[in-house]
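See structure below.
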Amino acid sequence: MSLLVQKYGGSSVANIDRIRNVARRVKKFKDAGHDLIVVLSAMSGTTDTLINLARSLSKTPLEREFDALVATGEQVSISLLSIALHEMGIKAKSYNGNQAKILTDHVHTKARIINIDPSTIQQDLDDGYVVVVAGFQGVTDDGAVTTLGRGGSDTTAVALAATFGAEECQIYTDVDGVYTTDPRIEPKAKRLTKLSFEEMLELASLGSKVLQIRSVELAAKYNVPIRVLSSLQEEGEGTLITTEEEIGMESAIISGIAINKNEAQITVLGVPDRPGIAFDLLGEISSANIEVDMIVQNISQDETTDFTFTVGAVDYDKAMTITEATAKRIGARKVLGNEEIVKISLVGLGMRSHAGVASKMFRALADEKINIHMISTSEIKISVVIDTKYTELATRTLHDVFGLDQLEH
Ligand code: ASP
Ligand code: MG
């Protein structure tokens, strides 16, 4: 029978009843003849609690110890699930990152997996065990515990699925799939049945929070189909994330609308228009390790130009300070900041072959008198920056105009 990797997130193992629920589900698959590797997150809230404990002692906790601490959450849930499985008569064994031989680099708090040595786990699978692995953690070549970044259990699951050639990597969470947009903003949002890796990457990086981005990158690289499912529903096919070829010709023009409220906009007015200006303004920002997302430079008038870019909201204050200093140095007139912005993006493979998506989007927004501050496009995505207060209106309007509540996805 085939091998499945199943990952259960924090809300799926939030308490003893939920852990029993997971055990019951795992038993069902095991009884049906599947081999199973189960990857768990920490019980919900645990990782945050552990992080706060470390921060209450130090603003900059030693990274080695920080990782050793926050990795303990997953070790609790894997042991509990293994105990629950035993109670149901299923052989199960828990593995922390070190025991599972998940070798990572030395970059604490956001380590990358280098290699997984399959020997021990394979032996246990062959002996009929359900293998229960702690997500989010690995080990360095010199034995230090590392963690893979928030939400990293998804990446653990995909890496294991790739290593063991699993038929599918099932990600169980508290929603039953990936939606056309955030259902809290547009109640008519629909679950997508299929989505390409590329679309999911755009949706994930644009603010949809279902999967850690790195897990999708890894899945695309190793061709691991991911299925997002609810651990609280008995039935349901969830959303399958797979290759473009799998999805075939019937891909929708637009698959989803991503909403990102975590950016802020900085505009520099009256910038002397000469070579090197973009580098002057953005070089300092990137030296401070601040990521810039959208960039717009206007056509110059009277030898000066305006320059606008967006940064993550968390970096806004720092970016403003830097930009004000640079503006002064290069003789720009003024710096304006705006934190009340949202980036709304349409994503869809079909955009490649259909003209007119952008104009349809702009017209819909214009009809609602929504002013667009910035626009950026890529092959399968169009993003606009607008005022935060229009988030709901813009999302619902676009959802409607592009028929996302009607399409058979
Ligand atoms: N427990 C970790 C977190 O909260 C990893 C995960 O849940 O995937 O980020
Ligand atoms: Mg998660």
Side-chain angles (χ1 to χ4, degrees), residues 5-15 18-19 21-22 37-55 61 63-82 94-100 102 104-105 107-113 116 131-139 144-162 169-175 178 200-201 203-205 207-219 224 226-232 238 241 262 312 314:
V5 171
Q6 299 189 328
K7 179 255 171 178
Y8 293 88
S11 57
S12 301
V13 294
N15 54 45
R18 292 272 172 96
I19 288 176
N21 171 55
V22 170
I37 299 177
V38 179
V39 176
L40 297 186
S41 288
M43 297 163 85
S44 58
T46 302
T47 308
D48 288 334
T49 306
L50 293 167
I51 290 173
N52 289 336
L53 280 174
R55 296 237 167 96
E63 288 190 320
R64 184 184 186 281
E65 305 313 323
F66 181 87
D67 272 355
L69 175 71
V70 297
T72 59
E74 273 70 13
Q75 291 165 31
V76 172
S77 49
I78 55 170
S79 305
L80 287 173
L81 179 66
S82 303
S94 71
Y95 280 82
N96 64 28
N98 183 21
Q99 292 168 318
I102 300 176
T104 73
D105 61 19
V107 186
H108 283 287
T109 76
K110 41 181 177 299
R112 285 186 174 263
I113 298 174
I116 300 176
V131 169
V132 185
V133 181
F136 177 55
Q137 58 181 269
V139 67
V145 177
T146 50
T147 62
L148 311 178
R150 297 307 304 265
S153 297
D154 298 333
T155 299
T156 307
V158 171
L160 285 164
C169 181
Q170 302 180 334
I171 305 277
Y172 288 89
T173 172
D174 50 6
V175 291
V178 180
M200 190 64 228
L201 276 175
L203 289 170
S205 62
S208 141
K209 282 179 221 72
V210 201
L211 292 166
Q212 197 195 34
I213 296 175
R214 275 174 54 193
S215 72
V216 185
E217 286 166 358
L218 203 63
V224 177
I226 298 181
R227 193 182 289 276
V228 177
L229 297 145
S230 163
S231 66
L232 305 173
I241 302 155
N262 299 317
V314 286

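Computed from heavy atoms alone, side chains included, the values below leave out hydrogens, waters and symmetry copies. Residues take their numbers from the sequence shown, with the count starting at 1. Read the numbers this way: they start at 1 and go in the same order the structure lists the ligands and their atoms.
Defined by atom type and a distance below 3.5 Å, a donor-acceptor pair is missing between the side-chain atoms of Thr146 and Asp67.
For the ligand labelled ligand 1, residue Gln212 lies outside the 4.0 Å heavy-atom shell. Ligand 1 has no atom lying under 4.0 Å from any heavy atom of Gly135. Judged by the shortest distance from any of its heavy atoms, Gly151 lies inside the 4.0 Å radius around the atoms of ligand 1.
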- request: Verify side-chain contact (heavy atoms from CB on, under 4.5 Å) between Cys169 and Arg227, making sure each step is shown before the conclusion.
  value: CA-CA 6 Å; Cys169 181; Arg227 193 182 289 276; over 6 Å; no
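If you number the atoms of ligand 1 from 1 as listed, the ones under 4.0 Å from a heavy atom of Phe136 come out as 2 (C), 5 (C). Every atom of ligand 1 is numbered from 1 in the order shown, and the set under 4.0 Å from a heavy atom of Ser153 is 5 (C), 6 (C), 7 (O), 8 (O). For ligand 1, the atoms closer than 4.0 angstrom to any heavy atom of Ser41 are 6 (C), 7 (O), 8 (O).
Residues passing the side chain to side chain contact (heavy atoms under 4.5 Å, CB included) test with Thr46, sequence neighbours excluded: Ala42, Met43, Leu50. Scanning for salt bridge (charged side-chain N to carboxylate O under 4.0 Å, His left out) contacts around Asp174 gives an empty result, with sequence neighbours left out.
Polar contact check, Arg150 against ligand 1: a nitrogen or oxygen pair lies under 3.5 Å apart. Looking at Thr47 next to ligand 1, an N or O pair under 3.5 Å apart turns up.
With hydrogens and angles ignored, the 3.5 Å screen pairs a side-chain donor or acceptor of Gln137 with a backbone N or O of Gly97.
A salt bridge is defined here as a Lys NZ or Arg NE, NH1 or NH2 lying under 4.0 Å from an Asp or Glu carboxylate O, and Asp48 with Arg150 meets this definition.
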